[in-house]
Amino acid sequence: MSINWLRVVFPSIIKLPPPLPLRYSSPSSCSCFSSVVVAMSYDKELTAAKKAASLAARLCQKVQKSLLQSDVQSKNDRSPVTVADYGSQALVSFVLQQEFPAEFSLVAEEDSKDLRKDGAQELVDRITKLVNDSLASDESYSVTLSTEDVLKAIDSGKSEGGSQGRHWVLDPIDGTKGFLRGGQYAIALALLDRGKVVLGVLACPNLPLTPINDQHSPNNEVGCLFFAEVGGGSYMQPLDSSSTVKVQVSGIENPEEASFFESYEAAHSMHDLSSLIAQKLGVKAPPVRIDSQVKYGALSRGDGAIYMRLPHKGYREKIWDHAAGCIVVTAGGVVMDAAGNPLDFSKGKFLDLDTGIIVTNQKLMPILIKAVRESLEEKASPL
């Protein structure tokens, strides 16, 4: 049992001296950080991230159970946004600022512009109450936030990120449409250090603790928290427990035995292209369609072997849609764009990609890249 493992699993119990500076060579499976980085501990940051994401998950669960029509707005891009999105972002922002007041930068999806418009006061009051109720239930912070405090916390997510310094990256509810229909969604939080993803947390309130393809399991408990720190492996625990297990990406080498994940919404990924790629691979199982970065969490524990996200032309991926999931699957997994390039999180809010994102284990990745390339050429060629 390694010291790093103890640090991740029992950060509040095991009191160990800080590690000596040394060089860490990440495994070739990791495409979220450089092949050589300075090894250092992010234990405090990981503990805070897990706490913030768990609090936000409980707020989201509460809202989903009593979802009211008045809780839903429409942003400028017409995607739905709920009080849970705003409340989740405010909570995570507040917790991280309390823990790291001297160095805080947050790249996040929401802002308070629509909440400051006439007629939004009732919505703001509801968000504020949800945030304060969540903080009171935790008892770590003896504070009651005003509505302006909550709006400022939401707006603290305006950082642009980049290759210098540290930046938290948050999607307060990844998969809002899944959230609204009672399906899968995730609170996705990651930390960038000089443009590299060094830790990630995925809170998945509706994901079963047992594999999603295990129809015969007597355990129907839901609510998973996945987390990973650079050089420390990937782990899963129930949202309401500290019982932690180490997880590993599927080691399947024969693509015919693999199953694959893709986006639930056809608008988010080209299902016809995924189907063509699966045919070339010889995949026999039907696709598993799930909203949000929950797919990364499920893949990290071996529920499937491949994840393909192939959006329509012109779509630009945001870093908050992949940062946390990327590092969570790197225990045996590889995350690349469709051309086989690692993802670069150092350029700001957007990822500049070739066509899309593909995720699988090290053995299957060369075969997957070949099938993707052939399928893209086939679709592009005239009949």
Side-chain angles (χ1 to χ4, degrees), residues 1-16 19 24-33 37 39-51 53-54 57 186-191 197-205 207-214 217 219 221-253 258-259 261 293-307 323-335 359-365:
M1 182 178 296
S2 69
I3 287 178
N4 281 340
W5 188 89
L6 289 171
R7 288 180 183 279
V8 172
V9 180
F10 303 110
S12 62
I13 299 175
I14 304 299
K15 303 298 183 183
L16 298 170
Y24 167 76
S25 296
S26 67
S28 60
S29 62
C30 296
S31 55
C32 295
F33 35 85
V37 295
M40 62 185 300
S41 171
Y42 296 93
D43 296 346
K44 182 180 178 182
E45 290 84 352
L46 182 60
T47 299
K50 290 169 63 180
K51 179 177 183 176
S54 297
I187 295 86
L189 178 62
L191 178 63
V197 184
V198 295
L199 69 83
V201 176
L202 287 176
C204 309
L207 184 66
L209 291 174
T210 53
I212 56 177
N213 52 8
D214 186 356
S217 173
N219 182 4
E221 187 178 354
V222 299
C224 302
L225 185 74
F226 298 92
F227 58 95
E229 180 181 344
V230 57
S234 298
Y235 299 85
M236 181 187 78
Q237 67 185 55
L239 267 176
D240 58 357
S241 169
S242 59
S243 175
T244 303
V245 296
K246 194 168 187 177
V247 294
Q248 181 79 21
V249 169
S250 168
I252 287 176
E253 298 182 19
S259 60
F261 295 106
Q293 287 179 74
V294 167
K295 293 184 285 293
Y296 281 108
L299 197 76
S300 77
R301 67 183 186 188
D303 286 11
I306 298 169
Y307 165 34
C326 177
I327 192 169
V328 162
V329 299
T330 51
V334 191
V335 184
V359 189
T360 189
N361 62 44
Q362 297 181 59
K363 293 287 188 180
L364 285 178
M365 182 56 82

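Hydrogens, waters and symmetry mates play no part in the numbers below; they use all other heavy atoms, side chains included.
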Nearest non-hydrogen partners of L239 and A203, listed with the distance: CD2-CB, 4.1 Å

Evaluate the criterion side-chain contact (heavy atoms from CB on, under 4.5 Å) for residue pair N361 and E253; output intermediate values, then yes/no. CA-CA 8 Å; N361 62 44; E253 298 182 19; 5.9 Å; no

Please name the pair of heavy atoms, one in L364 and one in A305, separated by the smallest distance, quoted to 0.1 Å. CD1-CB, 4.2 Å

For the pair F227 and Y235, name the ring-plane relationship: parallel under 30°, tilted 30 to 60°, perpendicular over 60°. parallel

NZ-CD1 distance between K363 and I252, expressed to the nearest 0.5 angstrom: 14.0 Å

Rounded to the nearest 0.5 Å, what separates atom CG in L225 from atom OG in S242? 11.0 Å

Side-chain touch P205/I187, heavy atoms, less than 4.5 angstrom: yes

Return the CG to NZ distance between L199 and K50, rounded to the nearest 0.5 Å. 11.0 Å

Kindly compute the distance separating CD1 (I306) from CE (M365), expressed to the nearest 0.5 Å. 9.0 Å

Smallest separation among heavy atoms of G332 and V249, with atom names: C-CB, 4.0 Å

The reported gap from CD in Q293 to OG in S300 (rounded to nearest 0.5 angstrom) is 11.5 Å

Minimum heavy-atom distance C224-R301, with the two atoms named: SG-NH1, 3.7 Å

Please check if the side chain of S234 supplies one atom and the backbone of V329 the other of a donor-acceptor pair under 3.5 Å. no

Result for ring-ring contact (aromatic ring centres under 6.0 Å, His included) between Y296 and one of F261, F226, Y307 points to Y307

When every non-hydrogen atom of I212 is compared with those of A298, the smallest separation belongs to CD1-CB, 4.5 Å

When rounded to the nearest 0.5 angstrom, what distance separates CE in M236 from CG in L209? 5.5 Å

So among L202, V201, V335, V197, which one has a side-chain contact (heavy atoms from CB on, under 4.5 Å) with I327? V197

Minimal non-hydrogen separation, G304 against S250, with atom names: O-CB, 3.7 Å

